[in-house]
A.B. asks: 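Take this structure first; my questions come after.
Numbering of residues begins at 1 and proceeds along the displayed sequence. Here the structure is a predicted model, which is why all the values come from computation and not from measurement.
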Amino acid sequence: GMKYLKHSMYRGRMGDAWTYFECDDAGRALRAVTYYAQLKKLEKRSDPAKIQLPPPEKVHPATVDEFRNFWEISEIT
């Protein structure tokens, strides 16, 4: 089963960035999607080697629906 996590970070002029992670049973992030609310911009990553999970105290549980909501759309309108 997959686990889903989310993390928010203030990025200065870019505003708030929300990143949603899809992790395997071992806790390794497989895919990540970052949503920049202010810019209405999405950034998707699917190479596990390039995805760094924040420390455990900085991430919160997320749902598969939250992840898919951002992963499956191509642009924010």
A.B. asks: Rest of the hydrophobic cluster containing Val59 (Ile/Leu/Val/Met/Phe/Trp/Tyr, side-chain heavy atoms under 4.5 Å)?
C.D. replies: Leu5, Phe21, Ile51, Leu53

A.B. asks: Sequence neighbours left out, what passes side chain to side chain contact (heavy atoms under 4.5 Å, CB included) with Lys58? Give chain and number order.
C.D. replies: His7, Pro54, Pro55

A.B. asks: Return the minimal non-hydrogen interatomic distance between Cys23 and Ala29, and the atom names on each side.
C.D. replies: SG-CA, 4.0 Å

A.B. asks: Roughly how far, to the nearest 0.5 Å, is CD of Glu43 from OH of Tyr35?
C.D. replies: 14.0 Å

A.B. asks: The criterion is side chain to side chain contact (heavy atoms under 4.5 Å, CB included); which residues satisfy it with Pro48, sequence neighbours excluded?
C.D. replies: Arg28, Leu30

A.B. asks: Are Tyr20 and Val64 connected, step by step, through hydrophobic side chains (Ile, Leu, Val, Met, Phe, Trp, Tyr) whose heavy atoms are closer than 4.5 Å?
C.D. replies: yes

A.B. asks: Considering non-hydrogen atoms only, spot the tightest contact between Ala17 and Thr34 and give its length.
C.D. replies: CB-CG2, 4.0 Å

A.B. asks: With sequence neighbours left out, which residue pairs that include part of residues 6-23 fulfil the salt bridge (charged side-chain N to carboxylate O under 4.0 Å, His left out) condition?
C.D. replies: Lys6-Glu66, Glu22-Arg31

A.B. asks: Could you check whether any side-chain heavy atom of Val33 comes within less than 4.5 Å of a side-chain heavy atom of Leu42, counting everything from C-beta outward?
C.D. replies: yes

A.B. asks: Taking ring pair (Phe, Tyr, Trp, His ring centres under 6.0 Å) as the cut-off, I'd like each qualifying pair that reaches into residues 48-67, sequence neighbours left out, listed once.
C.D. replies: Tyr4-Phe67, Phe67-Trp71

A.B. asks: A side-chain contact here means heavy atoms from C-beta on lying under 4.5 Å apart; do Thr63 and Arg68 qualify?
C.D. replies: no

A.B. asks: Rounded at 0.5 Å granularity, tell me how far OG1 in Thr19 sits from CE in Met9.
C.D. replies: 8.5 Å

A.B. asks: With clusters built from Ile, Leu, Val, Met, Phe, Trp and Tyr whose side-chain heavy atoms come within less than 4.5 Å, directly or transitively, what are the remaining members of the cluster of Tyr36, listed by chain and number?
C.D. replies: Met14, Leu39

